[in-house]
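On a predicted model such as this, the values are computed, not experimentally measured, just so you know. All chains are named by letter (A, B, ...) in the order of the sequence lines, taking the proteins before the strands, and each is independently numbered beginning at 1. Atoms considered below: every heavy atom in the structure, side chains included; atoms not considered: hydrogens, waters and symmetry mates.
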Amino acid sequence: MIDMWDEDKIHDFRATLLNWYDEAGRADLPWRENHDPYRVWVSEIMLQQTQVQTVIPYFNRFMSMFPTLNDLASAPEQALLKAWEGLGYYSRVRNMQKAAIQVRDDYQGVWPDNMATLEKLTGIGPYTAAAIASIAFNEAVPAIDGNAFRVFARLFKIDADIAQPKTRKVFFELGLQLIDPARPGDFNQAIMDLGSSYMSAKNFDSEHSPVKQFNAAYADGTEEFYPVKTKAPKPKPITYFALAVKSPAGYLWEQRPADGLLANFWTMPLYALTDFVNDPDADWTMEEMIAATEQRLLTDYGVKATLAKLAGRPVTHVYTHQKWTVTVLTAEVTEQDLTRGTWRPKTALAADPQPKIQEKIWTKI
DNA sequence: AATTCGTGGCG
DNA sequence: TCGCCAAGAAT
């Protein structure tokens, strides 16, 4: 149960928070230059699960390449993926283009000015809808992100598990009472700035926080226990072979499927060990695994080659739910007809959107 | 409700 | 090396 503040304390909190924000908020961030909804939207999508420092250069580049909603709506997907390359969660940019088309065609190019309607757009959920509505259109709705979860949980010592979807409602209702109706956008951004500084997850400094007198967890030294969040399962280990097959026409190269992990990105052929080993406990030698991979290369791509394992360690990459260990196998062939994939010169393939794991594979070759 | 979907930073 | 976190949404 939340021990809610009285009216006076709420007003005191708003004034204290916003005074601090006016003095010490990060006014220098490029997306705070103005409150144009397109600009706010692009920044909020990029900032999902991504740190400010990482986003800044991507944001500036993206706004130069796609200055208006119409530019984004009509861009080729490969150009969008290339602009997003390295940011991760690539469905974000595909969904952005869908939403841009929705606004252009279904809303005559005019942005919806309220949270409920914004939430109907693809890729815009409750957090992003509230952020845009409050910052661009002054609607008094709280933007409940990781920062708001953490800040509110500590201020009120809320024990609800923020990993559970139903918990969002508790924080949203609380935020509705706290938010300053006169400056909702600034209030939301102030909470975020606070949550990424004095009230961060680790190395927080509540002692010097502008709202320390409102912090119930600080009062009894229990901040480190808030917010309550059940831990995620460990990433599942997966073993892969990457095939670096070189011909006079370039490397064997192909685009990943349109759905799932790294959709539509370009990589060298990748085989999971489980693609040809049914028994996970099978004790194959490296020679046997290479022979099996050669067989697949011939069957799937029509390429006959003798693969060799590179010296040194495999490359690894950790995703949210998978941990990849990739052994790179190389071969040189004379040009052959392909039944799948394409030959692409190294100078040309740099233009293709590639995932981080492919970048790591290149370093081994 | 529980899974899926990237990458970089940091203790 | 490892675990956790960072301005979440779709299915």
Inset, instruction - Give the minimum heavy-atom separation between A/Glu254 and A/Gly341, together with the two atoms involved. - result: CB-CA, 3.9 Å
Legend entry - Comparing A/Asp193 and A/Ala232 on DNA chain C - which has the more 5′ nearest nucleotide: A/Ala232
Legend entry - Whole-Å distance separating the CG atom of A/Leu121 from the P atom of C/dA9: 12 Å
Legend entry - Side-chain H-bond candidate by donor/acceptor type, A/Trp41 with A/Asp36, under 3.5 Å: no
Inset, instruction - Whole angstrom is fine here: how far is it from CD in A/Glu44 over to C1' in C/dG8? - result: 11 Å
Legend entry - Protein proximity profile, nucleotides 5-11 of chain B - base contact B, sugar-phosphate-only contact S, no contact -, cut-off 4.0 Å on heavy atoms: BBBSS-S
Inset, instruction - Sticking with atom C1', work out how far C/dC4 lies from B/dG6, rounded to a whole angstrom. - result: 15 Å
Legend entry - Spacing of A/Lys120 atom NZ relative to C/dA10 atom P, expressed in whole Å: 13 Å
Inset, instruction - May I have the distance from A/Met199 (atom CE) to C/dC5 (atom C1'), rounded to whole angstrom? - result: 16 Å
Inset, instruction - Examine A/Phe13 together with A/Phe214 and report whether their ring centres are nearer than 6.0 Å. - result: yes
Inset, instruction - With heavy atoms under 4.0 Å as the rule, sort A/Ala201 into base, sugar-phosphate or nothing. - result: sugar-phosphate
Inset, instruction - Give one of base, sugar-phosphate or nothing for A/Ile132, where a contact means two heavy atoms less than 4.0 Å apart. - result: nothing
Inset, instruction - Return the value, rounded to whole Å, for the distance between atom CH2 of A/Trp84 and atom C1' of C/dG8. - result: 12 Å
Inset, instruction - Give one of base, sugar-phosphate or nothing for A/Arg32, where a contact means two heavy atoms less than 4.0 Å apart. - result: base
Legend entry - Any A/Arg168 side-chain N or O less than 4.0 Å from OP1/OP2 of C/dG8: no
Inset, instruction - Considering only atom P, compute the distance from B/dC5 to C/dA7 and round it to an integer number of Å. - result: 23 Å
Legend entry - Sugar-phosphate, base or nothing in reach of A/Val55, heavy atoms under 4.0 Å: nothing
Inset, instruction - Nearest whole angstrom, please: distance from the C1' of C/dA6 to the CZ of A/Phe149. - result: 14 Å
Inset, instruction - Decide if the gap between the ring center of A/Trp111 and the ring center of A/Phe137 is smaller than 6.0 angstrom. - result: no
Inset, instruction - Examine C/dC5: is either OP1 or OP2 under 4.0 Å from a nitrogen or oxygen in the side chain of A/Lys231? Give yes or no. - result: no
Inset, instruction - Tell me, please, which residues at least two apart from A/Asp145 pass side-chain hydrogen bond (donor to acceptor under 3.5 Å, both in side chains). - result: A/Asn147
Inset, instruction - Look at the aromatic rings of A/Tyr90 and A/Phe265 and report parallel, tilted or perpendicular, splitting at 30° and 60°. - result: tilted
Inset, instruction - Have a look at A/Thr128 and tell me which of A/Leu118, A/Ile45, A/Leu47 forms a side chain to side chain contact (heavy atoms under 4.5 Å, CB included) with it. - result: A/Ile45
Legend entry - Interatomic distance where CG belongs to A/Asp161 and C1' belongs to B/dA2 [whole Å]: 13 Å
Legend entry - Length of the line joining A/Gln164:CD and B/dA2:C1', which is rounded to integer Å: 10 Å
Inset, instruction - Step through it carefully: locate the ring centre of A/Phe204, locate the ring centre of A/Tyr198, and say whether they are under 6.0 Å apart. - result: no
Inset, instruction - Mind listing the residues from residues 177-186 of chain A sitting with a heavy atom below 4.0 Å of DNA chain B? Number order is fine. - result: none
Inset, instruction - For A/Thr128, answer base if it contacts any base atom (sugar-phosphate contacts may also be present), sugar-phosphate if it contacts only those atoms, and nothing otherwise; contact means non-hydrogen atoms under 4.0 Å. - result: sugar-phosphate
Inset, instruction - Mind checking A/Arg26 for me? I need base, sugar-phosphate or nothing, with any heavy atom below 4.0 Å counting as a touch. - result: nothing
Inset, instruction - Scan A/Trp31 against the nucleic acid and name what it touches under 4.0 Å (heavy atoms): base, sugar-phosphate only, or nothing. - result: base
Inset, instruction - Please say whether the positively charged group of A/Arg183, taken as NZ for Lys or CZ for Arg, lies over the ring of A/Phe187, i.e. under 6.0 angstrom from the six-membered ring centre and within 45 degrees of the axis. - result: no
Legend entry - is_close_aromatic(A/Tyr319, A/His321), centroid dist under 6.0 Å: no
Legend entry - Separation of the P atoms in C/dA9 and B/dG8, to the nearest angstrom: 22 Å
Legend entry - is_close_aromatic(A/Tyr89, A/Trp84), centroid dist under 6.0 Å: no
